[in-house]
Amino acid sequence: MKVNEQEPFENGANPKLEQLGKYKVDDHGEFMTTDHGVKINDDQNTLKVGERGPSLLEDFIFREKMTHFDHERIPERIVHARGSGAHGEFQLYKSMAKYTKAKFLNDTGIKTPVFVRFSTVQGSRGSTDLPRDIRGFAVKFYTQEGNYDLVGNNTPVFFIQDAMKFPDLVHAVKPEPDNEIPQAASAHDTFWDFISLMPEAMHNIMWLMSDRAIPRTLRSMEGFGIHTFRFINEEGESHFVKFHWKPLQGVLGLAWDEAQRLAGKDTDYHRRDLWDAIDQGLYPEWELGVQIVKQEDEHKFPFDLLDATKMIPEEMVPVEIIGKMTLNRNPDNFFAETEQVAFHPGHIVPGIDFTNDPLLQGRLFSYTDTQLSRLGGPNFHEIPINRSIPDVTNNQRDGIHRMQIPKGKVSYHPNSMAQGCPFQAMMKEGGFTSFEERVDSNKIRRRSKSFFDHFSQPKLFYNSMTIHEKRHIQNAFSFELGKVQRVPIRQRMVDMLLEVDADLANMVGEHLGLVPRRLPQPITGSIPADGDPAEHHSIEVELPISEAPSVSMANKLPTNIKARRIALLTANGVNDDAFTKTQKVLCELGAIVQIIAPRHGFVTTKKGDEYPVCDSLLTTDSVIFDAVYVAGGDSVKTLMEHAGAIHFIAEAYKHCKPIAADDNGTELLKKAIPGLKDPEDGIVTDGNLEQFVGDIILHRFWDREMNPIPA
Ligand code: HDD
């Protein structure tokens, strides 16, 4: 059977994994060979003239090994260089046939294999997982009708409106070109210089300054397709569609201080967390949601659907949940899969189409272009991770690293010598046709005035935040702009913030020692050389809602504690009952419980049972965990005298995490947390596990930030 005749997951087998299986190599029990299959006898020494003499050029085994090594690296992605990937599957809940003919969105009996890559944007391949940054959320669906890529981010909007500005945005945010400082950070002059002159960026900047940009894990982020796309049904009718990924793990963030510490304590924190969760069978899941807008309603919104700096608030068009993605398999090889995977918003299947969003239109060029230099030539679709499930049959030929061996003399169409093969497919046979849209206008290089509203949605976003979320945004701006050296740039940003919210501008201004100034109506960025600034005033539209609760992370907490990391801080002599019960209860609820003790090896309970220690106070820190439990017993005396244990509790408290203790365990809490109240939110002192679980679900007790303790 040809692969493209195979139903996805027929007989329970994931066809993409089966396809990848053909390329996998297992050298267990095998001899070592050269790249050309010759068995190697000595992999320790080069060929020399005598034991102490010069090496010989004829040593083909050494030359081959060295040459291959010398060429092991490929250029990293210009953006999104640091990423983590996983395999999984997509299960449709309900048919979308009314809107789209895409088969993987029609038949609820079909499971579609996926490969997902999450990424940071700014940093290099080896940079930390924990900068303040947008996260990439790219999903490749290996559908029966070819690959469909949804290449999104963890925010519903983008920084710029026109792809022409993308290289400028990236140059501004990347490390500064003279000294390549700072790595993976937007807190520097060039970024804020650019942003302060580009009011259109303000909306995504608000999301970037929120806790969305410091996710607790990759599992706890939403994903968004951002652009408005089209669904096309069998009748050829078009509906506009926006895509959303909703994590069943909830949407959770870090404290900024915690993110900075984590970056040093475990720079691979997000990558490791994703890997471990999948490895331990705690598969992360996201539901796919769509916002559908009728073709005739295109102009019913106070913003332009083609403007990627605008979202459609869920309160205006609800998100309809249509399916679920489960990530259930780690890659076998990082380079072969996660590094070589090539996403492209232009990889679409019949039933999905583009709109004229000028950002999307530019992306359609950029992604193939970048793979040509990154993956070395036009045959990157033949790399196993990029191969579609349907066979590829066309007249594209040759080029570097060609894998297919096309037979016969004919590589053109039309032909008679190959009976016209490969055939063009009619629509009813699944042939892709573009949506026929009437476009009748002058050729112009200009921004539509319907894109000139830059502040209504940032205002909406800020108004929808809870008090602690607003505080975090104020602090984030103060931090980022505080790192900017040039005062005029800081001033321009503070002035811009005044267009969003006076309190925000004043708070940040106070931190920077600046007074926000009300400017004459701000002008949009990117004015052509002979453009009239008066023609480029930003406008403000009236939105039908003043708040959008759906954008607040506080409204997106999970309902369970699956895959949350809980530290069981202990030492020898711990009381058996509470210690074992806590582990049992939390593990049964799917949490990852780790025993942390002053040293590695085993802890011995009061009754003499031994438990392996996961990590010592020397090698781990509270920032790795979501919550801490201290069971009572003689162990507490040891912990009370251990500076690391006291710091562990104090730091967890500082980062607003749930902390629980029983019996004399509370003594440690009192010693570590000056001014601990009784009772206090997020603190359990009587070993009440039900309450502790409830606190873990709530994740953080941000009010504590108002009374910070040293840690
Ligand atoms: Fe992009 C990579 C997401 C605008 C040009 N982009 C890249 C990745 C993600 C996004 C998730 C990493 C894919 C992977 O894991 O391999 N990009 C977005 C989103 C955008 C966006 C959500 C706006 C809605 N991008 C954008 C524009 C351009 C690019 C406007 C250029 C015109 N993006 C690229 C690129 C990258 C890329 C340079 C680098 C590596 C790659 O493509 O494969 O071509």
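Remember, it's 1-based here, ligands and their atoms both numbered in the order they're listed.
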Cationic N near anionic O, under 4.0 Å, Lys459 to Glu499: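 No, no charged N to carboxylate O under 4.0 Å.
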
Salt-bridge present (Arg82, Glu76; N to O < 4.0 Å): no

Could you list each nitrogen or oxygen of ligand 1 that sits under 3.5 Å from a protein nitrogen or oxygen, with the atom names and the distance?
from, atom 1, to, atom 2, distance (Å)
ligand 1, 6 (N), His80, NE2, 3.4
ligand 1, 6 (N), Tyr367, OH, 2.7
ligand 1, 15 (O), Arg117, NH1, 2.7
ligand 1, 16 (O), Arg77, NE, 2.7
ligand 1, 16 (O), Arg77, NH2, 3.2
ligand 1, 17 (N), Arg363, NH2, 3.2
ligand 1, 17 (N), Tyr367, OH, 2.8
ligand 1, 25 (N), Tyr367, OH, 2.8
ligand 1, 33 (N), Tyr367, OH, 2.8
ligand 1, 43 (O), Gln371, NE2, 2.8
ligand 1, 44 (O), Ser366, OG, 3.1

Aromatic Phe343 / basic Lys140 pairing, under 6.0 angstrom, 45° off normal: yes

Atom of Pro318, atom of Gln291 and distance for their closest heavy-atom approach: O-CG, 3.8 Å

Sidechain-backbone polar pair: Asn386 side chain, Gln340 backbone, donor-acceptor under 3.5 Å: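 Side chain of Asn386 to backbone of Gln340, a donor-acceptor pair under 3.5 Å: yes, one is there.
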
Aromatic contact, Phe118 with Phe137 (centres under 6.0 Å): yes

